[in-house]
Amino acid sequence: MSDRRTFLWQTGLSLAALGVGIPPLRAQARDFVSQRPAQRARNFTSEAVEATIGRIKQAIPDPELAWLFENCYPNTLDTTVRHGTRDGKPDTFVITGDIPAMWLRDSTAQVWPYLPLARQDEALRKLLAGVVHRQTHCIHIDPYANAFNDGPTGSDWESDLTDMKPELHERKWEIDSLCYAVRLAHGYWQATGDTSVFDDEWVGAMDLIVKTFREQQRREDRGPYRFRRVTSWQTDTPPGDGWGNPVKPVGLICSVFRPSDDATTFLYLVPSNHFAVTSLRQMAQIFRDVKDDAARAAACAAFADEVSDALQQYAIVEHLTYGRIFPYEVDGFGNRLCMDDANIPSLLSLPYLGCVPADDPVYRNTRRFVLGPHNPYFFRGSAAAGIGSPHTLPPKVWPMSLIMRALTSQDETEIVWCLQRLKATHAGTGFMHESFDPDDPSDFTRKWFAWANTLFGELIIKVAQERPALLAKV
């Protein structure tokens, strides 16, 4: 750290000289009463999670930060999981929070921070295995769907002009939905050593993932997926009469929607294609090391290399200010969209997802771009600065982007600043939100958004384990 940065940090002066422009805020002293449900009202209790809460809280000197961690980290287990059995196997349905449906993306991210505890808590391990089994079941229902009901109940979106089924909450094709299911299965295996989730149903789901990715390379035709919605919200339905804008087939995979559930402008969504490469390599590892299936392993590895080569050729561009960066979307014709969205996978999150090294020169340039004024969805206010999304409209900042900024940073000043902003912008609720106005954090969306809550818990644990001294600086 430079002398000037050290001086600013140690004296607690404004961080404006660091290019942040927002001074640290101090919470007023008050009692912080737990916002968790009463124990008898919690959906699931894990002894290992409770022990972790107690241990980490003791390492956090600031009472407000400790309170936020206690509220947020167990929020998924406290409020969103429904655990049982299906066909003799563990089965877990995970709602997002205030939307009573299960997204493949959100459900993986919501339970991900609990994986390291699964070996020491058998009940928790079964719950996590249940999420893998439920996601596998969902993929067999429809690999193009992003969100599912707990049974054939229908949804508010059943009038969408696509191949809706009563088990679907929504049918927006997003590459990352399938990637997250692979990420959870692979992560569960790595954390527990349990291979029972890799049954015939799971193998069939992986075959569907590969088939869907191949269809959405659109080498021969546009594939079977089409989506139209009657709406006044422009990003809630794709252009091109439900097919999306044209692409040139180059080996990349089309994603008609982003992880925000907004329609893409150019169908080759770059962070999601990077995620697909990682997922295909994880599938190859499982097929090779667990299933002893050399043919499937080789096919997945070759597919990953194919997409990776196409990313290198078509998804690195020269920015006038930042040099070589990853664009957010491309179309194979040479057009590109340079921005980032807070939802994960994002360009910012690529190292977190294991897609690129944090010290990759193109990623470092991209990081400077997405966390600065040339990213049209980077917003700055008197309380915070961070990445937002077209999904919530300018100028709202997503806590998720601040969390991800800290999770992918090696700069201790930056990590502490992110923690300070998160502590200062929960609007007294004790939880993370979907988004907030950076000048008025009391103007926020989604009071109950479990993904952001457990991701915040993941960040606090990471800091406590790797840089515990930083917790005393918040």
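These values consider heavy atoms only, across backbone and side chains, with no hydrogens, waters or symmetry-generated copies.
Looking at heavy atoms from C-beta onward, His374 lies in side-chain contact with His319 at the 4.5 angstrom threshold. With contacts defined as side-chain heavy-atom distances shorter than 4.5 Å, the pair Arg134/Asp150 qualifies. Within the 4.5 Å cutoff, the side chain of Pro259 has heavy atoms near those of the Leu269 side chain.
Within 6.0 Å of atom CZ in Arg82, more than 12 heavy atoms from other residues, nucleotides or ligands are found, so the atom counts as buried in its surroundings. Atom CZ of Arg324 has 12 or fewer neighbouring heavy atoms from other residues, nucleotides or ligands inside a 6.0 Å radius.
The backbone N or O of Val33 lies less than 3.5 Å from a partner atom in the side chain of Trp67, making a donor-acceptor pair. Between the side chain of Gln35 and the main chain of Asn71, no donor-acceptor pair closer than 3.5 Å is present. Checked by atom type and distance alone, the side chain of Gln110 pairs as donor or acceptor with a backbone atom of Ile95 at under 3.5 Å. Checked by atom type and distance alone, the side chain of Thr445 pairs as donor or acceptor with a backbone atom of Ser435 at under 3.5 Å.
Between Asp62 and Lys423 there is a salt bridge, with a side-chain nitrogen of the basic residue lying less than 4.0 Å from a carboxylate oxygen of the acidic one. With respect to Arg258 and Glu329, a salt bridge is recorded, a charged nitrogen being found less than 4.0 Å from a carboxylate O. A salt bridge is absent between Arg36 and Glu70; no separation between the charged side-chain nitrogens and carboxylate oxygens falls under 4.0 Å.
The aromatic rings of Tyr73 and Phe69 sit parallel to each other, their planes meeting at less than 30°, with 60° as the upper class boundary. Taking the six-membered ring for Trp and thresholds of 30 and 60 degrees, Phe369 and Tyr322 have ring planes more than 60 degrees apart, a perpendicular arrangement. Between Tyr225 and Tyr144, the ring-plane angle classifies as parallel under the 30° and 60° cut-offs.
For the ring pair (Phe, Tyr, Trp, His ring centres under 6.0 Å) criterion with His433, the lone passing option out of Phe449, Phe456, Phe444, Trp398 is Phe444. Each of Asp262, Asp236, Asp142 was scored for a salt bridge (charged side-chain N to carboxylate O under 4.0 Å, His left out) with Lys172, with one residue passing: Asp236.
Note that Arg183 lies in the cation-pi zone of Tyr352, set by a 6.0 Å cut-off to the ring centre and a 45° limit from the axis.
Sorted by first and then second residue, the ring-ring contact (aromatic ring centres under 6.0 Å, His included) pairs with a member in residues 238-279 read Tyr180-Phe275, Phe227-Phe257, His274-Phe326; sequence neighbours excluded.
Applying the side chain to side chain donor-acceptor pair (under 3.5 Å) rule to Thr79 yields the partners Trp448; only residues at least two apart in sequence or on another chain are considered. Checked against side chain to side chain donor-acceptor pair (under 3.5 Å), Asn375 has no partners two or more places apart in sequence or in another chain.
Side-chain contact annotation: Thr108 with Gln135, donor-acceptor N/O pair under 3.5 Å present. Asp439 and Ser382 share a side-chain donor-acceptor pair at under 3.5 Å.
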May I have the step-by-step check of side chain to side chain donor-acceptor pair (under 3.5 Å) for Glu414 and Ser409, ending in yes or no?
CA-CA 7 Å; Glu414 184 177 33; Ser409 177; 2.5 Å; yes
